[in-house]
Participant: 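Attaching a single structure in structure tokens format; questions to follow.
Below, all heavy atoms of this structure are taken into account, side chains as well, without hydrogens, waters or symmetry copies. Because the structure is a prediction, the values reported are computed rather than measured.
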Amino acid sequence: MISFSSRLRHGRLALSSLLLTVLLTSCGGGNDAPAHYPLGGSVSGLAGGTLVLQVNDGETVSVSADGIFQFPTELPGGSRYTVSVQTQPNNPAQTCSVNRGSGTLNAAVTDIAVLCAPNAYRIGGTVSGLVGSGLVLQNNGGDDLVMNADGGFRFIQPVASGARYSITVKIQPNNPAQTCTVNDASALVADRDIDNVTVQCSTDVHPIGGSVTGLTGKGLVLQNNAGDDLAVDADGHFQFATPVASGAGYVVMVRTQPHDPSQTCSVDRGTGTVADSDITDIKVRCATNAYRIGGTVSGLVGSGLVLQNNGGDDLVMNADGSFRFAQPVASGAAYHVTVKIQPVASGAIVKTQPIAPAQTCTVSQTSSIVADADVTDVRVQCNTNGYTVGGTVSGYSGSGLVLRNNGGNALAIAGNGAFRFTQPVVSGTGYTVTVASQPAGQTCDVVGNGSGTMGNANVTNVQVTCTANPAYTIGGTVLGIAGSGSSLVLQNNGGDDVAIAADGSFQFPTAITGGLNYAVTVKYQPRLQDGACTITSNGGGTVTGNVSNVTIICGVPSEKAFAYVTNAYANSLSAYSIDYTSGALARVANPPMDPNIADSSSVVTDPARKFAYVVNPYGLNNDSAIFGYTIDHFTGDLTPMPGSPLASSGSTRLTVHPGGQFAYAVNANAGTVSVFAINPATGALSPVPDSTVTTGTSPSSYSIAIEPTGRFAYVGNYHAKSVSAYTIGADGKLTAMPGSPFPTVNDGNVQAISITPNGRFVYVTNWAGTVDAYRIAPDSGALTLVMTDASGSNNQTSVIDPTGKFLYVVHYSDQNIDTYTIDAATGALSKVPGSPFSSGTGYPKSFTLDPTGRFAYATSYYGNPLTDLSFYTIDPATGVITLQPPIDNGVMASAVSTIGW
């Protein structure tokens with residue numbers, strides 16, 4: 001489209017050309033022909049389409065846009081002209097008028113003005129189906145038109161051709177509410193009025209509904225306007241299937257009431273006339289029906305019976321007959337009729353049963369669910385009562401207490417707390433509670449409410465108090481005992497052990513309650529007795545006071561003792577007999593030669609001195625092995641037993657259980673202990689299945705000791721710097737006790753463990769030069785530190801004398817021996833005057849005492865000469881050792897040990 005400024009510019013050019021033409025014509029060179037002039041002007045307001053102008057009903061010019069126009073042919077001067085509109089423009093339709101369009105042509109005419117304006121048309125149509133009032137239509141968002149009946153309509157404001165009309169419903173009709181829709185509602189206006197718009201109205205319908213509350217039953221049916229049934233199963237919103245037209249009425253009612261449980265439902269706001277919205281506020285409220293609960297009472301002869309329903313609604317009955325509770329119970333709910341139970345301050349309960357006489361009433365058909373009728377079949381049967389007698393027993397810790405009521409009805413009491421005789425006593429008769437049998441070790445008395453007359457309730461306050469009889473000690477005297485490395489172990493009642501190392505009085509750790517029995521037996525015999533120790537008097541009986549007259553007499557001590565030396569590089573054992581008078585050693589003729597026992601540990605024997613064992617860490621295919629021998633009691637000769645040696649990976653030390661049935665091997669590199677069963681006939685060792693235990697957090701466990709009663713074992717963990725403690729089972733297996741392992745003082749590397757003959761104290765010698773003393777708990781075996789002493793350096797081993805009075809600690813590098821006295825009460829150590837004492841030439845690798853504790857022997861490792869054994873005498877009063885001339889062993893010794901009979 002050409003802009004207005006462009007059209008104006010072109011018009012001005014055309015006008016200039018027209019004037020130039022006129023000027024040239026007037027200046028013609030004497031031509032007498034009449035002058036011709038152009039005819040034109042301008043058009044404004046033209047919006048579209050083509051405008052056709054005509055001059056003098058002849059020549060035309062077509063104009064498509066505002067601007068200058070000019071007829072194609074100039075007219076002769078002096079002629080008349082009349083310009084008119086031949087064809088009006090359309091799309092949009094317009095009407096154009098000519099101003100200054102006629103006159104006489106005497107010069108060029110350029111000021112004819114053609115003005116165009118758009119046409120406007122009315123918009124309308126028809127309304128049908130209108131029965132309500134207040135319908136308001138709109139065109140193009142305005143020009144509101146109110147319609148109250150069917151028929152034609154036309155908006156007041158016309159719409160220009162080419163513009164759009166859009167008819168909408170501004171307000172829908174009401175009374176009744178209707179919804180009107182417009183068809184052919186919008187289009188562009190062409191060149192005539194619009195009359196094809198249709199408005200179709202229809203009356204609105206609305207659903208009928210509301211809410212139901214309180215519904216717990218089933219089968220509720222609602223109805224609207226005598227039809228349109230609606231089943232409702234639960235609380236919440238409901239809505240009928242058939243809507244109701246605006247202006248019409250609705251009537252909602254309950255057609256069928258719910259059941260299971262039985263209920264009555266009522267309708268609120270259930271009638272009305274539908275206006276212009278859904279009906280949602282109808283309220284249906286349901287309430288459960290309630291019914292009375294009752295039945296009959298029979299057998300009632302007392303008074304004061306009180307029944308309850310559902311824990312309340314108390315009902316007093318004083319005679320047989322029918323009854324009915326005052327409070328009804330809702331349909332579908334449970335009823336439960338009982339004899340009233342009330343809580344009381346003591347926390348006990350009281351049943352309100354009839355009295356005078358006392359009766360117990362029981363309820364049958366006691367509970368059920370209420371349906372849709374009164375309950376009338378509850379049955380209450382009353383019977384006259386009998387009551388039990390009981391109370392409480394306190395302080396009872398034994399067994400065997402028997403109570404009796406009225407001379408019969410015996411009742412065995414298992415422990416403290418409540419008791420009750422099984423046979424009831426009729427109300428109004430008497431009861432008497434007595435002790436028929438006293439428990440072992442105690443005396444029990446009926447101290448309160450032991451007799452009386454039965455009332456109308458169980459007797460529960462009889463008081464029986466038991467007190468323990470005094471506890472008494474059990475002990476006596478041992479005569480004729482002698483031994484080394486083993487004690488006489490006595491046992492009381494199969495469990496309370498005491499180890500005895502010397503003649504004199506003894507006492508078991510555990511006292512026995514008066515009235516109980518005691519029985520003393522010999523658990524383990526001492527080793528240096530030709531005849532066994534026997535209990536000659538007062539070994540058992542009933543305890544009535546402290547027992548101190550148990551007598552044990554042991555056989556005459558043997559005069560036989562032997563020393564065994566394992567030789568470092570000669571692959572042999574040297575065997576000697578010991579002179580009990582001087583301590584001198586005499587070589588036994590036939591010591592065993594074995595290529596695998598070089599540099600072995602000391603010889604270990606069983607308690608009966610029938611078998612001997614030697615551990616060599618490198619004795620079998622460069623692995624450790626245990627060599628076993630039988631011992632000749634007369635000569636001391638050792639004979640290899642069948643099956644020897646026994647492979648034992650990593651074993652470095654061995655010890656035998658005081659009972660002689662098990663051996664325990666310490667496996668240094670593995671940090672474990674292996675358990676072997678000892679064949680009592682041959683001495684052969686066989687591993688106990690699943691018995692190996694790990695001893696510490698690091699390997700190198702070098703020592704093991706078992707306390708004399710055979711209940712506890714202790715293993716020294718060299719690198720772990722601790723002592724692992726175990727209880728020993730009947731099968732020989734080890735079980736770590738609580739608190740194990742027990743750390744050593746100052747992180748000492750454990751080299752050896754020694755236990756006193758009475759089993760009360762443990763001494764741990766550490767390579768760093770300290771000795772730790774521990775007390776053994778008699779019941780658990782746990783260790784409690786008593787003290788520690790810095791004795792020297794490189795502690796090699798330790799030995800306790802047969803009486804348990806002295807501890808000897810051997811210092812390897814210092815080549816001396818410390819001697820301590822042992823405090824019998826506390827286990828504390830005190831060095832004897834002059835300690836330490838020289839061990840002789842060489843390094844004291846092994847140290848032992850003879851069975852009597854009067855002589856000592858030590859291997860002089862790399863001594864001068866190499867073949868010497870160091871020999872000492874011992875002062876039995878002070879424990880001081882005195883070095884004597886050495887004994888020539890013939891070869892360098894590794895370890896020495898002694899045994900006796």
Side-chain angles (χ1 to χ4, degrees), residues 484-485 559-605 612 614-616 619 627 629 631-632 634-639 794 796-797 799 801 808 810-817 819 836-875 880-900:
S484 175
E559 296 295 329
K560 292 181 181 179
F562 296 93
Y564 296 98
V565 179
T566 56
N567 299 316
Y569 301 111
N571 297 322
S572 66
L573 281 171
S574 297
Y576 300 89
S577 64
I578 301 174
D579 186 317
Y580 269 146
T581 302
S582 64
L585 302 182
R587 188 180 294 272
V588 174
N590 298 308
M593 300 292 293
D594 195 311
N596 296 305
I597 61 174
D599 205 22
S600 300
S601 65
S602 300
V603 174
V604 177
T605 65
V614 178
V615 176
N616 189 338
F627 297 83
Y629 305 91
I631 305 172
D632 187 313
F634 296 100
T635 66
D637 284 345
L638 303 180
T639 302
N794 302 135
Q796 177 70 16
T797 188
V799 177
D801 84 304
Y808 299 91
V810 178
H811 305 300
Y812 182 81
S813 298
D814 295 342
Q815 299 182 20
N816 59 28
I817 301 171
T819 304
F837 304 100
S838 173
S839 62
T841 63
Y843 300 99
K845 186 176 181 182
S846 175
F847 182 81
T848 188
L849 305 183
D850 85 303
T852 67
R854 294 179 296 156
F855 309 106
Y857 309 91
T859 58
S860 183
Y861 208 56
Y862 289 102
N864 184 16
L866 292 175
T867 60
D868 279 354
L869 284 176
S870 295
F871 171 47
Y872 315 85
T873 57
I874 301 175
D875 185 330
V880 171
I881 61 174
T882 302
L883 185 63
Q884 303 296 325
I887 299 170
D888 184 6
N889 185 53
V891 294
M892 187 167 67
S894 176
V896 60
S897 58
T898 62
I899 64 172

Participant: Mind checking what makes side-chain contact (heavy atoms from CB on, under 4.5 Å) contact with Ser839, not counting sequence neighbours?
Facilitator: Gln815, Ile817, Pro844, Tyr872
Participant: So do Ser574 and Asn567 actually touch side chain to side chain, heavy atoms under 4.5 Å?
Facilitator: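 They are in contact (side-chain heavy atoms under 4.5 Å apart), so the answer is yes.
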Participant: Applying the side chain to side chain contact (heavy atoms under 4.5 Å, CB included) criterion to Thr848, which one of Thr898, Thr797, Val799 satisfies it?
Facilitator: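 Single pass found, and it is Thr898.
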Participant: In chain order, what residues pass the side-chain hydrogen bond (donor to acceptor under 3.5 Å, both in side chains) check against Ser897, with sequence neighbours excluded?
Facilitator: none
Participant: Find out whether Thr566 and Val614 are in side-chain contact, i.e. whether some heavy atom of one side chain is under 4.5 Å from a heavy atom of the other.
Facilitator: yes
Participant: Among residues at least two apart in sequence or on other chains, which ones pass ring-ring contact (aromatic ring centres under 6.0 Å, His included) with Tyr564?
Facilitator: none
Participant: Working to the nearest 0.5 Å, report the span between NZ of Lys845 and CD of Gln796.
Facilitator: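 Rounded to the nearest 0.5 Å, the NZ-CD separation comes out at 7.5 Å.
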Participant: Mind checking the CG-CD1 spacing from Asp850 to Ile899? Nearest 0.5 Å is all I need.
Facilitator: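 Rounded to the nearest 0.5 Å, the CG-CD1 separation comes to 12.5 Å.
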Participant: Can you confirm whether Phe871 sits close enough to Leu883 that some side-chain heavy atom of one is under 4.5 Å from a side-chain heavy atom of the other?
Facilitator: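 No. Closest side-chain heavy atoms not under 4.5 Å.
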Participant: Let me see the working for Asn816 and Ser838 under side-chain hydrogen bond (donor to acceptor under 3.5 Å, both in side chains), right down to the final yes or no.
Facilitator: CA-CA 4 Å; Asn816 59 28; Ser838 173; over 6 Å; no
Participant: With heavy-atom distances below 4.5 Å as the criterion, would you say the side chains of Asn616 and Phe627 are in contact?
Facilitator: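 SC-SC contact between Asn616 and Phe627 confirmed.
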Participant: Output all residues satisfying side-chain contact (heavy atoms from CB on, under 4.5 Å) with Asp632, sequence neighbours left out; order by chain, then residue number.
Facilitator: Phe634, Thr635, Asp637
Participant: Could you work out, with side-chain hydrogen bond (donor to acceptor under 3.5 Å, both in side chains) as the rule, every residue matching Thr873, not counting sequence neighbours?
Facilitator: Gln884
Participant: Report the C-alpha separation of Ile874 and Phe855 in whole Å, then their side-chain angles, then the decisive distance to 0.1 Å, and conclude whether the side-chain contact (heavy atoms from CB on, under 4.5 Å) test is met.
Facilitator: CA-CA 6 Å; Ile874 301 175; Phe855 309 106; 5.9 Å; no
Participant: The criterion is side-chain contact (heavy atoms from CB on, under 4.5 Å); which residues satisfy it with Ser846, sequence neighbours excluded?
Facilitator: Ser602, Thr859, Ala895, Val896
Participant: Answer whether the closest heavy-atom distance between the side chains of Leu573 and Leu638 falls below 4.5 Å.
Facilitator: yes
Participant: Would you indicate whether the side-chain heavy atoms of Ile881 and Tyr808 approach each other to under 4.5 Å?
Facilitator: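 The answer is yes; the side chains approach within 4.5 Å.
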Participant: Okay, side chain of Asp579, backbone of Thr581: is any donor-acceptor separation there less than 3.5 Å?
Facilitator: yes
Participant: Quick one: side-chain hydrogen bond (donor to acceptor under 3.5 Å, both in side chains) partners of Asp868, sequence neighbours excluded?
Facilitator: none
Participant: Quick check: closest heavy atoms across Ile578 and Tyr857, and the distance to 0.1 Å?
Facilitator: CG2-OH, 3.6 Å
Participant: Tell me, please, which residues at least two apart from Ser813 pass side-chain hydrogen bond (donor to acceptor under 3.5 Å, both in side chains).
Facilitator: Asn794
Participant: When rounded to the nearest 0.5 angstrom, what is the spacing between CG in Asp888 and OG1 in Thr867?
Facilitator: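 Reported value, rounded in 0.5 Å steps: 4.0 Å.
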Participant: State which residues pass ring-ring contact (aromatic ring centres under 6.0 Å, His included) with Tyr576; sequence neighbours excluded, sorted by chain then number.
Facilitator: none
Participant: Under 3.5 Å, side chain of Arg587 to main-chain N/O of Asn889, donor-acceptor pair present?
Facilitator: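 Yes; judged by distance alone, with no hydrogens or angles, the pair exists.
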Participant: State which residues pass ring-ring contact (aromatic ring centres under 6.0 Å, His included) with Tyr812; sequence neighbours excluded, sorted by chain then number.
Facilitator: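 By the ring-ring contact (aromatic ring centres under 6.0 Å, His included) rule, Tyr812 matches Tyr843.
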Participant: Side-chain contact test, heavy atoms from C-beta onward, threshold under 4.5 Å: evaluate it for Leu869 versus Val565 and give yes or no.
Facilitator: yes
